[in-house]
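The structure presented is a predicted model; accordingly, all values stated were derived computationally and were not measured.
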Amino acid sequence: MVDPPKDNLNLPSAGIKIISIGLIFGLGFLYFSGYMAYRFMGETRAQRLDHLKQTVQIARNTIEPILIRCRSREISKTEARDQIRNIIRKMVYTDHTGQNYIFMSAYDGTMLVQPFEPDNEMQNKWDLKDFHGVYIIRALVDAAKSGKGYVSYHYKRPGLNDPEEKISFVIGIPELDCYIGTGQYMTDLRKSQRAYIKNTVLLSAALLILLFVLVRSSMGEIRRQNLMLHRENESLKTAEKALRNSEKKYRELLEQSPIGLALARMDGRFVSINPAYSKIIGYSMEEALNLSFWDITPEKYNAIDRQMMDQIASDGKYGPYEKEYVHKDGQLVPVRLSGMVVVREDEKFIWSSVEDISALVNAEKERNRLEEKLRQSHKMEAIGALAGGIAHDFNNILFPILGHTEMLMADVDKDSEFHKRLRKIYDSSLRAKDLVKQILTFSRQEKTEYKLLRVQSIIKEALKLLRSSMPATIDIKQNIQTDCSPVKADPTQIHQIIMNLSANAYHAMEKTGGELNVSLKEIEIGRHDRPNPELEPGSYVCLTVSDQGVGMDKDLIQKIFDPFFTTKEKGKGTGMGLSVVHGIVKNMKGAIQVSTEPGKGTTFTVYFPSENISFTEQQHYQEQEPVRGGNESILLVDDENYIIEMEGAMLERMGYTVSSWSSSVEALEAFRANPDQFDLVITDMAMPKLSGHQLAADLIKIRPDIPVLLLTGFSEMMSEEQAALCGIKGFLLKPVIMRDLARKVRELLDATGVQPGKQ
């Protein structure tokens, strides 16, 4: 038998050794693989937890613009929370286990957003805890408030009964008292880890050294992939941060811009608008997406808008130009527009900027209104100055007419036809006197003193005058009730109302003819049937003047009472008539209404408050009061010879001795030569060289007790109060009737207590 070689004897031991070494190496490889797997599991766990954190931070950054609007109080907390809920509810993402979601909960435990468990939304889960006794919601709230972020607990997966370990990451939103977060079930992570270990062990046992090489190679590749992933992740974070900052700046610029900005397609349909634009047109951003700028543009601007569209097509821009938009509530908003064409993804859009210029337009209207008011003020000043000049001369003309007429009436038989005619001249002169007084009152805007009177006779008298001046094609019909109560008024003003309203009706029917109806009646107005809100309940005398003329539209009705507004032809009206009527009625605490339609005539209704008291009309001329005279000596001064002659004749009829002077300077010298010769001085106000009040002052210096009566045809420079301050005892406005002059002269002479003819 041949012995085997010794080397063969070592094969088992070598094999054992090799096996041992292989086992040791294999165990070492397995251990190393297990170690590397464990390390990989740790890195994977950290990455996934970091992924949870990044996911929640991205969600937090997405809702930041809404929080900015909430902090600036552009929207309320409730609106901000609702908008954020709508956004969070849509944040469903896919990870390595499938679909996952972002949840949202209030600090008080109310679940605000739970996409996979909608039944839990708006439910309070404050006392929810797992089988370890962990209060889940309280732990999440504490982590959100403290900034820790991560919370571990056991929770049932939707659709399963057994709770599983879960890790969530949360971020607090203290402005809204809530937080957002997302979670990961650790069972999914462990399953992945166990599968990895199992595959690694099986592959290691089968391949051994190859596995070792492959593992080493794989670990190196994993490290490289992790490094690349890390770098890509960092690049993504950097790009995301830059994009967020860019979007934030763009959104802040867009949302905080005071100018309206809009992006529209070439056909005019809106793609997006900013809040300023939304405020201008009154539509929300969502509503605007269903509109085009043609929908908010009045038709009158269609032509110019078409021109702007042609300009955009040729130049790539348009404006600026001004137009109006129709607000959602129907109001027109003046705007200034400009824009340009922009290209996005090979499609052309119109980028427009719109500025609300309502303030500028209103300021311009106010400026024009003030300018018009200033022009009217200048006109009124001119009227006042003209009225003053006319009044002085006209009163000087009326004075001798009244005086001579009154003296003639005293010289003829009262029952004669000549006396009646003189009486008409006298009454007309008194009416002219009152009319001048009214012109002065209107021009100086002085308060008129009213007296009780019945307006029936004044209306009838005015209509008689009108009948003679109107053509036969106009028929005047009147219905004047005689039992109407008296009113507090100025007779001249009532006359003025009738004349102005009737003249207005006459001009409306001048070409076509028709009926002019004038009626007067007394009515009772209750609290609930007032035709005008300015009228208090009570009794009113109602005057109605209507015509069958051309009528007026609504625009004219709003302007007819404005000073200087008229639709009459040049030379037929100044536009003052209805303005004067309106002012007179207002001062009497009455009201005036107009009812009219184009082609259907016009009706003016005037309401005068009535006075329910016993009243008897008195005429201007009261013959029952005797004229008292005397035998004193009077110094008479006036620069108009015809007034001197008339006044002298009046005073001499009363028995006085009159010394007349047409020069105030010569009259002063005559008085200085013999001051005790005169008992009274009557002087005009406006005289050359030495005016009436200056003459009075010089006379009083010479003789302090001399009574002076000042006559003036215009009281702008001197009033009764001012005259009294100058030491002047009496004051009368021209023209003066004999009875008033006699009464005032006698009153001054009796007050002095001097004996007549002190010489």
Side-chain angles (χ1 to χ4, degrees), residues 427 431 434-435 438 447-467 474-506 508 514-549 557 560-561 577-596 600-620:
D427 290 341
R431 179 69 68 191
D434 291 339
L435 184 59
Q438 179 60 30
K447 184 178 179 180
T448 302
E449 293 184 3
Y450 298 120
K451 59 183 179 181
L452 282 176
L453 57 88
R454 295 187 186 275
V455 298
Q456 292 92 323
S457 58
I458 300 175
I459 294 174
K460 292 178 180 179
E461 178 185 343
L463 292 178
K464 287 180 181 178
L465 294 174
L466 284 168
R467 178 66 278 174
I474 297 178
D475 185 16
I476 300 178
K477 292 188 176 181
Q478 52 181 298
N479 181 18
I480 311 297
Q481 294 184 5
T482 58
D483 58 348
C484 294
S485 300
V487 300
K488 279 188 177 180
D490 183 289
T492 305
Q493 288 185 343
I494 299 297
H495 190 271
Q496 207 168 5
I497 291 174
I498 297 298
M499 296 298 287
N500 280 328
L501 293 180
S502 300
N504 195 69
Y506 158 63
E515 289 184 0
L516 169 60
N517 289 282
V518 180
S519 66
L520 185 74
K521 62 181 179 179
E522 187 167 1
I523 62 172
E524 192 73 24
I525 295 178
R527 183 172 300 276
H528 301 293
D529 58 352
R530 290 183 291 177
N532 189 302
E534 298 178 0
L535 295 176
E536 296 294 331
S539 180
Y540 289 85
V541 175
C542 180
L543 170 67
T544 303
V545 179
S546 61
D547 62 67
Q548 298 175 336
I557 293 176
I560 57 174
F561 295 117
L578 292 179
S579 175
V580 170
V581 170
H582 185 267
I584 293 173
V585 174
K586 287 289 184 183
N587 289 337
M588 293 177 63
K589 301 187 183 305
I592 182 170
Q593 284 188 308
V594 57
S595 174
T596 180
K600 296 186 178 180
T602 302
T603 299
F604 286 93
T605 305
V606 184
Y607 300 90
F608 301 114
S610 64
E611 302 290 334
N612 296 319
I613 59 175
S614 177
F615 172 76
T616 302
E617 281 191 280
Q618 296 181 357
Q619 297 179 349
H620 291 292

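- Heavy-atom minimum distance, Asp490 versus Leu453: C-CD2, 4.1 Å.
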### Ile494/Met588 under side chain to side chain contact (heavy atoms under 4.5 Å, CB included): CA gap, chis, key distance, verdict
CA-CA 11 Å; Ile494 299 297; Met588 293 177 63; 4.3 Å; yes
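- Qualifying side-chain contact (heavy atoms from CB on, under 4.5 Å) partners for Ala462, counting only residues two or more places apart in sequence or in other chains: His495, Ile498, Met499.
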### Message
Determine whether Phe604 and Asn500 satisfy the following criterion, side chain to side chain contact (heavy atoms under 4.5 Å, CB included), listing intermediate values before the conclusion.
### Response
CA-CA 11 Å; Phe604 286 93; Asn500 280 328; over 6 Å; no
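- For Thr602, the side chain to side chain donor-acceptor pair (under 3.5 Å) test picks out Thr596, with sequence neighbours left out.
- Under the side chain to side chain donor-acceptor pair (under 3.5 Å) criterion, Lys477 pairs with Glu515, sequence neighbours left out.
- The shortest distance between side-chain heavy atoms of Leu501 and Val606 falls below 4.5 Å.
- Remark: side-chain polar atoms of Ser539 are not paired, donor with acceptor, to backbone N or O of Ser610 under 3.5 angstrom.
- Residues satisfying the salt bridge (charged side-chain N to carboxylate O under 4.0 Å, His left out) test with Lys488, not counting sequence neighbours, are none.
- Contact record, Ala591 with Leu535: CB-CD2, 3.5 Å, taken as the closest heavy-atom pair.
- Across every non-hydrogen atom of Leu452 and Pro486, the tightest pair is CD2-CB, 4.5 Å.
- The structure places CD of Glu524 at 9.5 Å from OH of Tyr540, a figure rounded to the nearest 0.5 Å.
- Contact record, Ala505 with Leu516: CB-CD1, 3.5 Å, taken as the closest heavy-atom pair.
- How far CD of Gln548 is from CD1 of Ile474: 10.5 Å, rounded to the nearest 0.5 Å.
- Taken to the nearest 0.5 Å, the CD atom of Gln496 stands 4.5 Å off from the CD1 atom of Ile584.
- Partners of Gln481 by side chain to side chain donor-acceptor pair (under 3.5 Å), not counting sequence neighbours: none found.
- Residues passing the salt bridge (charged side-chain N to carboxylate O under 4.0 Å, His left out) test with Glu522: none are found, sequence neighbours excluded.
- Taken from CD1 in Ile476 to CG in Leu463, the straight-line distance is 6.0 Å, to the nearest 0.5 Å.
- Listed by chain and number, the residues in a side chain to side chain donor-acceptor pair (under 3.5 Å) with Lys586 are Glu534 (sequence neighbours excluded).
- The two residues Ser485 and Val541 have their closest heavy-atom pair at O-CG2, 3.5 Å.
- Considering only residues two or more places apart in sequence or on other chains, Thr605 meets the side-chain contact (heavy atoms from CB on, under 4.5 Å) condition with Cys542, Thr544, Thr603, Tyr607.
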### Worked check of side chain to side chain contact (heavy atoms under 4.5 Å, CB included) between Leu543 and Val455
CA-CA 10 Å; Leu543 170 67; Val455 298; over 6 Å; no
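- Side chains of Val518 and Ile459 form a contact here, defined as non-hydrogen atoms less than 4.5 Å apart.
- Considering all non-hydrogen atoms of both residues, Gln456 and Thr482 come closest at NE2-O, 3.3 Å.
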